[in-house]
Visitor: 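Pasting a structure below so you can have a look.
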Amino acid sequence: MADFKLSAQLVGHSADVRHVRFPSPDLVLSAARDCTVRAWRRTASSPPAFEPAVTTQGSEFYNSLAYLPPSSDYPDGLVVSGGTDTIIDVRRANSTPEDNAERLLIGHARNVCALAVVPGGRHIVSGSWDKTARIWSLAKWDTEAVLAGHDEAVWDVLPLDETTIVTASADKNIRIYNLQTTVAGQVEPRSTVYTSDVVRALCQVPTGHPSGADFASASNDGVIRLWKLTGQQVGELRGHESFIYSLAALPSGELVSSGEDRTVRVWRGFDCVQTITHPAISVWTVSVCAANGDIVTGASDGVVRIFSRSPERLAGPDILAHFDESVRSSSIPQQQVGGVNKEKLPGPDFLKNKSGTKEGQVQMIKEEDGSVTAHQWSMGQQQWINVGTVVDAVGSSGRKVEYGGQSYDYVFDVAIEEGQPSLKLPYNLSENPYTRAQKFIDDNELSQNFLDQVAQFIVSNTQGATIGQGPDEPGVPDTSEDVLARKARSLPQRDYLDITAAKYEPIFKKILNINSGLVAAGRKDYSLNPPAQESLAAVRRRLEANQPVVDEGSVNLIVMMCTRWDYADRLAPLDLLRCVATSPALAKFRSSDLSGSVQAAVSAALDDIPAGGQPNENCAMMAARVIANLFKSTDGRRLLAQPSEALRAVAFIDRVLGIGGSPAIGPFNRNLLIALTTVMINFAVLASREPGSVSANVQVRLLTALARILQKQTEGEVVFRALVAAGTLITVIGKTTPEARSLSSPIAVCKGKVPDPRVKEVADECLSLLS
């Protein structure tokens, strides 16, 4: 299949083009930060030419678009646009700014950043920074349902059919809604897919894709993930080097994506088959024309570009040459490509004598004049393509920047909100990125949810520099990942880890909603009466005050919800159970049919699954978190030192990993695997700190499970934790035992396939223990 090549460049916008639509070969729509929406109509076919017309002119940014196809009432179709003024504008495609809109849809409280037409053409769906999505009836031109449940902005919406809506959010979750469950204008998610990073974009995966996926998501970590509607991840597409902003599906069955790394990438199956670099900082959006398979992009340079595989629809030679030259002459900040040692770079002859090994591979070249250029390998053209000149970043050149009366190595401009001025983020290389990120959040009164994103922004934009990672610097969040990053460089691990961060409002709201349904159904045996609801409120007050839960009756109540409610309703109670697991009261729990809290957690996750159903991976994740958090109290450690409870926990680990014959549960679910490896670390710490507390049988089974993880997983944090657990157990069981020796190969393998520096460091330490 031929490569895409430039078909047309549509110049007219004066600021970033944030969204494009390509409803027919004769019409392109674009929304931009110049406060306009434009319709581009084709006036010539070969080479293609388009005539622009401004359809909408506002006073704030436009960020999202949808298109309703022609009908008897609207023969030219309707353009639907939204942006920072929170109002959804619906108008005829041939409108001018002087014309009145057909409808103005009012309901969102913040920037409308996503719009889509629901199959069937009777509704549209919108996503907003107000943390909701809305279903709008085209018959009533009003909100028909609000899709609640997200804790941060809803970045994208994907209607799969007339009743199934998928949403993507800055809270790192994907939620799936069934519109048939609307109650009083509200829809609760039927399921939630937990991911490892902010989810920016969604698209439906074409039937016949080798993954068998139903939809794809794209995240800030530069990874496209392929999902079944059950929440099972069935594949990953890796190639982008920064945030991915947009996804779309081609009629050919391929996927196409665009992002912050200046590229559009075309994916066939699991492989990137073409990379199209733009002469811009960001490619915000990509859309597909279903009729002819052409694609259109919108970028930070304000240009709309169309690309085609058809020779008849390619741009003229002069335009093609101009585009290639504009890519070659663009500047690439050095921090975008990491540390560059000019003295060790090859010269121009490299490009003549060496071929690339994969699509999109980048090679730096030291030119004869001493400059550094970046070249990208094209598999289709079988040649290196010059994609720009690398220029020094301020921090890497040794020049200081003045800000607020102080000198800094870097002062970044960070755009947090659409339509608002960028915020200044000063940073010195001697600082811990989390310390600076926390100060940035405090100074600007931002949500704490931005912490990881800001810290990672600092890390990624100061690559190659030495960053302070001192363990005693104030303000560093003491999360379990940070504790590991600072302390696990020297085995054995000595600290127990927990996973306790929680947002109590949605947990308790969900439990009370489920309870209302039980009351309405007359199920008084398992519903919560007023005294029970008051006990639940008391639990919440203690958790919010950082106090342990001490009431035995409250613990019994939570366990009852986890083990007696319908399987589909257990996730929220399990989430609450893991929040109270650090309290000694849960470790002391016993009942006539449950031996203790470990069995309660495992039973909640694995028992009473409806016939033909599968274990819920998120319930399994919560159960693992319960077990991990039990280690935080003396009573919990005493419980898990009992052989029967330890074996019960290890049997649960085996079941999740598929050891013993059953299929694995969530084999690539990052959150589940992190919870599982945290349990294994805590068992290893217990064995190390209290010799004889963990039986040899349990240690051997843990090593077997860890070997399975090291052989099969590639996600950095999962492998890192597995290595910490393995290394700590090696110090306990002894390097000469067969079980310890058997880890040599899995450890060496994971060291080679996971690029995370922490993984390589702790893997080397494990191997040195075995030498």
Side-chain angles (χ1 to χ4, degrees), residues 196-197 221-223 236 238-239 241 270 338-339 341 344 357-358 361 456 459-460 463-464 466-467 469 480-495 497 653 657-659 664 667-685 688 699-771:
S196 58
D197 210 334
D221 60 7
V223 179
E236 292 184 348
R238 293 179 177 267
E241 297 168 359
F270 295 97
N341 186 336
K344 294 185 178 181
T357 58
K358 63 177 182 179
Q361 177 185 345
Q456 289 306 311
V459 172
S460 63
Q463 289 178 7
T466 302
I467 299 173
Q469 292 284 356
S480 60
E481 291 196 24
D482 297 315
V483 171
L484 276 173
R486 298 197 305 267
K487 298 179 180 177
R489 300 178 185 221
S490 157
L491 296 172
Q493 169 80 12
R494 301 298 293 172
D495 297 315
L497 304 180
I653 292 171
L657 295 177
I659 297 173
F668 298 103
N669 185 318
R670 179 182 187 268
N671 289 337
L672 171 55
L673 290 165
I674 285 177
L676 216 61
T677 49
T678 303
V679 172
M680 299 159 94
I681 285 175
N682 286 346
F683 266 118
V685 172
S688 175
Q699 293 181 43
V700 169
R701 290 181 64 176
L702 286 170
L703 287 171
T704 301
L706 288 165
R708 173 72 66 96
I709 292 172
L710 295 174
Q711 289 166 340
K712 291 184 173 292
Q713 300 299 323
T714 57
E715 204 286 323
E717 186 65 30
V718 172
V719 174
F720 178 62
R721 292 187 180 221
L723 286 168
V724 171
T728 303
L729 281 173
I730 289 170
T731 67
V732 175
I733 203 169
K735 67 178 183 179
T736 60
T737 60
E739 293 79 15
R741 303 297 300 174
S742 67
L743 284 173
S744 296
S745 177
I747 291 171
V749 168
C750 77
K751 176 188 172 184
K753 68 182 179 181
V754 180
D756 189 331
R758 300 176 309 152
V759 168
K760 296 183 184 299
E761 183 176 315
V762 76
D764 284 337
E765 193 166 356
C766 288
L767 292 173
S768 70
L769 289 172
L770 293 169
S771 62

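Numbers for residues simply follow the sequence, beginning at 1.
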Visitor: Mind checking what makes salt bridge (Lys or Arg N to Asp or Glu O under 4.0 Å) contact with K751, not counting sequence neighbours?
Guide: D764

Visitor: Testing the basics here: between C766 and G727, what is the closest heavy-atom pair and its distance to 0.1 Å?
Guide: SG-CA, 3.6 Å

Visitor: Decide yes or no for E236 and F270: does some side-chain heavy atom of the first lie under 4.5 Å from some side-chain heavy atom of the second?
Guide: no

Visitor: side-chain contact (heavy atoms from CB on, under 4.5 Å) with I709: which of V719, L723, I653, V718?
Guide: V718

Visitor: Quick check for you: to the nearest 0.5 Å, what is the distance between E739 atom CD and I733 atom CD1?
Guide: 5.0 Å

Visitor: Measure the spacing between CZ of R721 and CD of Q493 and express it to the nearest 0.5 Å.
Guide: 9.5 Å

Visitor: Taking salt bridge (Lys or Arg N to Asp or Glu O under 4.0 Å) as the definition, give me every residue that meets it alongside E715, ordered by chain and number, with sequence neighbours left out.
Guide: R670

Visitor: Please report the interatomic distance OG1(T678) to CZ(F683), rounded to the nearest 0.5 Å.
Guide: 13.0 Å

Visitor: Using a 3.5 Å distance criterion without hydrogens, assess whether the side chain of N682 forms a donor-acceptor pair with backbone atoms of L497.
Guide: yes

Visitor: Just by distance, do the side chain of K735 and the backbone of R741 share a donor-acceptor pair under 3.5 Å?
Guide: no

Visitor: Can you confirm whether I730 sits close enough to T728 that some side-chain heavy atom of one is under 4.5 Å from a side-chain heavy atom of the other?
Guide: no

Visitor: When rounded to the nearest 0.5 angstrom, what distance separates CD in Q711 from SG in C750?
Guide: 10.0 Å

Visitor: With R494, which residues qualify under side chain to side chain donor-acceptor pair (under 3.5 Å), at least two apart?
Guide: S688

Visitor: Do I747 and L770 have side chains that approach each other closer than 4.5 Å (heavy atoms only, starting at C-beta)?
Guide: yes

Visitor: Please check: side-chain N/O of K712 versus main-chain N/O of P667, any donor-acceptor pairing under 3.5 Å?
Guide: no

Visitor: So, for L657 and R708, which heavy atoms are closest and what is the spacing to 0.1 Å?
Guide: O-NH1, 3.3 Å

Visitor: Would you please test E717 and R758 for side-chain contact (heavy atoms from CB on, under 4.5 Å) and show each step?
Guide: CA-CA 9 Å; E717 186 65 30; R758 300 176 309 152; 2.6 Å; yes

Visitor: With rounding to the nearest 0.5 Å, note down the distance linking OG in S196 to CG in D221.
Guide: 5.0 Å

Visitor: For residues T677 and I674, report the shortest heavy-atom separation together with the two atoms involved.
Guide: OG1-O, 3.1 Å

Visitor: Do you know which two heavy atoms are closest between T731 and P492, and how far apart they sit?
Guide: OG1-CB, 3.5 Å

Visitor: Under the criterion side-chain contact (heavy atoms from CB on, under 4.5 Å), which of L491, V724, L743, L706 is the partner of L729?
Guide: L706

Visitor: Please test F668 against Q713 for side-chain contact (heavy atoms from CB on, under 4.5 Å), starting from the C-alpha separation and ending with a verdict.
Guide: CA-CA 8 Å; F668 298 103; Q713 300 299 323; 3.9 Å; yes

